[in-house]
Engineer: 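Please find one structure pasted underneath; my questions will follow.
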2 protein chains.
Amino acid sequence: MSDRKEKLTIYDISEKSGVSIATVSRVLNGYQNVNEKTRDKVLSVMNEMGYKPNAFARGLGLDTMKTIGILCADSSDAYLAKAVYYIEEALRAAQYNALLICTGYSFEDKKNALELLLERKVDAAILVGSNFVSSKASENAYIKDAAASIPVMLLNACFECDNVYSLYCNDYAAVKSAVEFLYTKGRKKILYMYNSKSYSGMKKLTGFKDALSEHGIDSFADYTVFLQGGPDDTDSFVNTLNNLCENGLSFDAVMASEDYLAIAALKYAIKKGMRIPEDLAVIGYNNSSLATIFEPELTSVDNKLKPLSEQLVNTLLGVLKGSEMPGKTEYSAELIERRTT
Amino acid sequence: MSDRKEKLTIYDISEKSGVSIATVSRVLNGYQNVNEKTRDKVLSVMNEMGYKPNAFARGLGLDTMKTIGILCADSSDAYLAKAVYYIEEALRAAQYNALLICTGYSFEDKKNALELLLERKVDAAILVGSNFVSSKASENAYIKDAAASIPVMLLNACFECDNVYSLYCNDYAAVKSAVEFLYTKGRKKILYMYNSKSYSGMKKLTGFKDALSEHGIDSFADYTVFLQGGPDDTDSFVNTLNNLCENGLSFDAVMASEDYLAIAALKYAIKKGMRIPEDLAVIGYNNSSLATIFEPELTSVDNKLKPLSEQLVNTLLGVLKGSEMPGKTEYSAELIERRTT
DNA sequence: GTGAGTTTTGTAAACGCTTACATTTTTACC
DNA sequence: GGTAAAAATGTAAGCGTTTACAAAACTCAC
């Protein structure tokens with residue numbers, strides 16, 4: 001393994017080992033139709049000379065560099081970050097690498113990011129998080145466009161389209177039954193906090209409303225708060241709650257569409273000296289690391305991130321090997337009960 | 001912008017626009033020595049036909065695909081995730097893309113990951129986090145090896161070596177003065193919690209010990225706790241503290257080498273019904289998002305992640321454009337005082 | 001209109017691999 | 001030993017760009 005500076009090519013290996021470049025290439029690609037002695041010879045020459053194949057040339061020849069693009073609104077969001085982590089790990093185990101792009105939350109940027117992936121000729125794209133599919137159909141066209149060239153995999157979002165796979169939890173049912181759970185705990189006035197109007201965001205909201213309807217409530221204005229902001233905006237969420245309460249809003253339970261919103265509710269309550277869960281019960285969504293980091297630990301809807309991530313990658317690997325692209329798979333989420341209920 | 005299926009090449013553009021492929025290529029690369037009319041013609045043909053250059057062929061020709069490798073032990077660690085986010089954003093703004101590999105904490109894996117980046121022919125590697133440089137010199141050889149081929153940039157770690165740039169905070173001074181700060185607040189018995197024996201981990205520890213020495217303490221066994229685990233192991237940290245205290249350990253302040261260790265101390269204290277900061281003062285390190293998410297909000301040492309990330313990328317871009325590689329830059333950290341002190 | 005200098009363009013050879021197809025070598029069987 | 005089939009290897013033509021070098025076209029002062 002000497003480290004010569006000059007660039008070594010397949011021709012150098014060919015010359016040194018006395019076989020043709022075709023054979024060297026075959027060895028390189030692990031083809032079986034190579035005589036064992038030849039293979040050993042070539043491998044040892046490669047090793048001895050410290051040869052590394054040129055990835056770009058291989059890319060050009062094979063028309064792939066074994067790269068998967070990962071799109072994610074914000075890789076520092078605890079939940080998304082975990083997903084990225086699992087996905088990258090699973091991909092790497094299968095000899096693929098991950099090209100990461102953080103898109104932010106605007107659809108214009110998501111579209112650009114996905115196009116960028118296409119230009120870089122990734123083998124497939126994985127879109128992580130429900131915010132990639134909008135409740136407005138027109139905003140989802142970019143997914144369809146990309147799917148015309150490469151497989152597109154959605155984690156925790158659903159968009160039915162050729163060459164797009166959606167793997168997600170039934171958010172509607174999850175929220176509905178979590179709210180039902182709060183009712184069984186004797187809660188009277190449940191507030192829904194949410195900050196996304198994505199397709200899945202709307203489903204959750206509907207789950208909430210339907211649960212309330214079943215308890216005779218039909219006007220929701222006083223039961224839902226839409227908040228602007230992301231994981232870093234806890235302060236602003238707390239302030240908003242403060243203001244609303246000063247203006248007469250009251251509630252004895254919070255259902256949040258994201259763990260970090262739930263945490264904001266908890267912070268608000270703790271600051272007000274409320275007892276948890278006696279005075280305020282809170283349920284988050286995603287069962288992210290925030291849920292167990294906070295004190296008291298947060299009851300949260302677990303949407304099975306790890307198994308879903310792994311299954312997503314497995315499905316993708318299958319597709320890349322030639323399996324047919326499935327359409328979608330829906331899981332059921334599970335409520336993880338902790339100290340806030 | 002019709003979307004023909006057949007693959008378009010530079011030859012198609014050449015033919016359709018009546019110029020040679022060389023000229024098409026020049027237009028593609030924005031060279032100035034092209035007649036303006038010709039350029040417009042070529043661009044409009046490209047646009048009309050929906051041509052996209054083949055990234056692999058360009059990679060081969062230009063010997064770069066404008067890709068930077070990012071290595072990070074665990075992209076779901078709140079602190080590292082934020083760094084990855086900033087870095088990816090800054091790179092993308094400069095037309096580079098990020099190949100992300102999560103290495104875990106073993107040096108064997110880090111070495112493999114870095115080699116993988118080399119094989120993929122990234123233009124440079126950015127290693128995010130102090131855990132990439134060991135206090136054992138032998139474990140750092142992999143960095144030197146990589147630096148023989150590409151620029152290596154370290155964020156929040158220091159390793160002096162040719163073609164390696166280190167950008168970091170003075171951890172020693174930061175911890176020392178944070179501990180000093182606790183003394184000025186009247187704390188008598190300060191416990192240091194840490195979980196890394198990296199180079200920077202050792203510096204922090206020394207900062208702690210030196211601060212204690214100045215207060216007449218010379219035996220540290222009873223003042224330091226080494227913990228195994230990462231951001232997801234809060235429970236185990238809390239348990240460990242519990243056990244130690246049952247066996248007689250006592251303290252009225254905690255200095256932690258990571259925010260998540262500080263959070264564990266806080267959880268322990270809250271569970272025990274201690275008042276914060278009256279009964280226990282806590283200082284974390286990194287000023288990650290955990291610090292402000294928790295209630296009460298955590299006093300933490302801010303090591304300037306965002307400006308450092310951006311400067312790191314800027315420095316790298318300079319180097320890639322031909323500037324000389326600087327050796328290292330040391331910043332001072334800053335204590336952000338919040339509710340836990 | 002001429003010629004030197006400048007711009008613009010074209011030709012053809014890289015870049016370092018993969019792979020279809022042709023050729024040679026080996027194997028197995030009579 | 002001869003033969004047909006199977007296995008191993010080699011030759012050469014891609015893959016889609018970039019770019020050195022050569023050639024052509026343009027400019028402008030005289």
Side-chain angles (χ1 to χ4, degrees), chain A residues 4-46 49-67 95 118-123 149, chain B residues 4-46 49-67 95 118-123 149:
Chain A
R4 325 170 132 274
K5 275 286 169 194
E6 323 86 54
K7 307 206 170 188
L8 292 175
T9 73
I10 213 175
Y11 286 90
D12 299 304
I13 305 302
S14 154
E15 195 173 338
K16 194 94 169 187
S17 56
V19 300
S20 74
I21 58 160
T23 299
V24 176
S25 174
R26 287 186 190 104
V27 171
L28 212 52
N29 290 287
Y31 290 177
Q32 285 316 302
N33 56 343
V34 177
N35 181 290
E36 205 171 331
K37 282 181 187 168
T38 317
R39 154 171 288 117
D40 290 349
K41 180 71 195 297
V42 172
L43 284 174
S44 81
V45 171
M46 282 179 176
M49 303 182 77
Y51 168 78
K52 300 283 176 209
N54 179 303
F56 301 145
R58 289 195 102 195
L60 186 55
L62 296 166
D63 200 34
T64 167
M65 271 183 72
K66 299 265 251 169
T67 307
Q95 321 271 42
L118 290 184
E119 282 173 20
R120 303 222 18 156
K121 290 185 62 90
V122 298
D123 296 321
S149 322
Chain B
R4 322 168 135 278
K5 275 286 170 196
E6 324 87 52
K7 306 205 172 190
L8 290 176
T9 74
I10 214 174
Y11 286 92
D12 300 304
I13 305 301
S14 154
E15 194 173 338
K16 193 93 168 188
S17 56
V19 300
S20 74
I21 58 159
T23 299
V24 176
S25 174
R26 286 184 192 106
V27 171
L28 212 52
N29 290 287
Y31 289 177
Q32 284 317 300
N33 56 342
V34 177
N35 182 289
E36 204 170 330
K37 281 179 187 169
T38 317
R39 154 171 291 118
D40 290 349
K41 181 72 194 295
V42 171
L43 284 175
S44 81
V45 170
M46 281 178 175
M49 303 183 78
Y51 167 78
K52 300 284 176 209
N54 180 302
F56 301 146
R58 291 197 97 194
L60 185 57
L62 295 166
D63 201 33
T64 167
M65 271 183 73
K66 300 264 252 170
T67 307
Q95 320 271 44
L118 291 184
E119 282 173 21
R120 301 221 20 154
K121 289 183 64 86
V122 298
D123 296 319
S149 322

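Every chain is numbered from 1 and lettered A, B, ... according to where its sequence line falls, protein lines coming before strand lines.
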Engineer: Ignoring hydrogens and geometry, is there a side-chain-to-backbone donor-acceptor pair from A/Arg39 to A/Tyr31 under 3.5 Å?
Structural biologist: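 Here the side-chain-to-backbone pair exists.
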Engineer: For atom CD of B/Glu15, is the number of surrounding heavy atoms from other residues, nucleotides or ligands below 6.0 Å larger than 12?
Structural biologist: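 Counting other residues, nucleotides and ligands, CD of B/Glu15 stays at 12 neighbours or fewer.
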Engineer: When the distance from CE of B/Met65 to P of C/dG16 is rounded to whole Å, what number comes out?
Structural biologist: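 Value for this atom pair: 16 Å.
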Engineer: Does a nitrogen or oxygen in the side chain of A/Asn29 sit under 4.0 Å from OP1 or OP2 of C/dT18?
Structural biologist: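 Answer yes for this pair, as a side-chain N or O of A/Asn29 is under 4.0 Å from OP1 or OP2.
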Engineer: Check whether any side-chain N or O of A/Ser25 sits under 4.0 Å from OP1 or OP2 of C/dT18, and answer yes or no.
Structural biologist: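 So the side-chain polar atoms of A/Ser25 do come within 4.0 Å of the phosphate oxygens OP1 or OP2 of C/dT18, strictly under.
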Engineer: From the list D/dT18, C/dT11, C/dC15, which nucleotide is the closest neighbour of the side chain of B/Ala22?
Structural biologist: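 Nearest listed nucleotide: C/dT11.
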Engineer: Starting at atom NZ of A/Lys7, determine the distance to atom P of C/dG16, rounded to an integer number of angstrom.
Structural biologist: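 Distance check: A/Lys7 NZ to C/dG16 P gives 7 Å.
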Engineer: Mind checking if B/Leu62 touches a base, just sugar-phosphate, or nothing, with heavy atoms under 4.0 Å?
Structural biologist: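 If one applies the 4.0 Å heavy-atom cut-off, B/Leu62 turns out to touch the sugar-phosphate alone, with no base involved.
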Engineer: Under 4.0 Å between a side-chain N/O of B/Ser20 and OP1 or OP2 of C/dT9, yes or no?
Structural biologist: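 Result: no.
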Engineer: Could you tell me whether the phosphate oxygens of C/dT18, OP1 or OP2, come under 4.0 Å of any side-chain nitrogen or oxygen in A/Arg58?
Structural biologist: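 Answer is yes, contact under 4.0 Å.
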Engineer: Start with the C-alpha distance between A/Thr38 and A/Arg26, add both sets of side-chain angles, then the distance that settles side-chain hydrogen bond (donor to acceptor under 3.5 Å, both in side chains), and finish with yes or no.
Structural biologist: CA-CA 11 Å; A/Thr38 317; A/Arg26 287 186 190 104; over 6 Å; no
Engineer: Atom NZ of A/Lys37 and atom P of D/dT9: how far apart are they, to the nearest Å?
Structural biologist: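 It is 11 Å, rounded to the nearest whole Å.
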Engineer: Any side-chain N or O of A/Tyr31 under 4.0 Å from OP1/OP2 of C/dT18?
Structural biologist: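 The answer is no; no side-chain N or O of A/Tyr31 sits under 4.0 Å from OP1 or OP2.
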Engineer: In this structure, how many angstroms lie between the P atom of C/dT18 and the CG atom of A/Asn54, rounded?
Structural biologist: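 After rounding, the reported distance stands at 10 Å.
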Engineer: Let me see the working for A/Met49 and A/Asp12 under side-chain contact (heavy atoms from CB on, under 4.5 Å), right down to the final yes or no.
Structural biologist: CA-CA 9 Å; A/Met49 303 182 77; A/Asp12 299 304; 4.3 Å; yes
Engineer: On DNA chain C, nearest-nucleotide positions of B/Ala57 versus B/Asn35: which is more 5'?
Structural biologist: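 Mapping each residue to its closest nucleotide by heavy atoms, the 5'-most match is B/Asn35.
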Engineer: Picking from C/dT9, D/dT17, C/dG10, which would you name as closest to the side chain of B/Thr38?
Structural biologist: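 From the listed options, C/dT9 comes nearest.
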Engineer: In whole Å, what is the span from the CD atom of B/Glu15 to the C1' atom of D/dG16?
Structural biologist: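 Result: 15 Å.
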Engineer: Is B/Tyr11 touching bases, backbone alone, or none of the nucleic acid, heavy atoms closer than 4.0 Å?
Structural biologist: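 If one applies the 4.0 Å heavy-atom cut-off, B/Tyr11 turns out to touch a base.
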Engineer: So what does A/Asn33 touch, heavy atoms closer than 4.0 Å: a base, only the sugar-phosphate, or nothing?
Structural biologist: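 Counting heavy atoms under 4.0 Å across all strands, the contact made by A/Asn33 includes a base.
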Engineer: Indicate yes or no: does B/Asp63 engage B/Lys121 in a salt bridge with an N to O separation below 4.0 Å.
Structural biologist: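 Salt bridge flag = yes for B/Lys121 with B/Asp63.
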Engineer: In whole Å, I'd like the distance from the CD1 atom of B/Ile21 to the C1' atom of C/dT11.
Structural biologist: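 Nearest whole value for this atom pair: 9 Å.
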Engineer: Whole-Å distance between D/dG16 C1' and A/Leu60 CG?
Structural biologist: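 Spelled out: CG on A/Leu60 to C1' on D/dG16 is 6 Å.
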Engineer: Without decimals, in angstroms, what is the distance between B/Met46 CE and D/dT17 C1'?
Structural biologist: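 Result: 11 Å.
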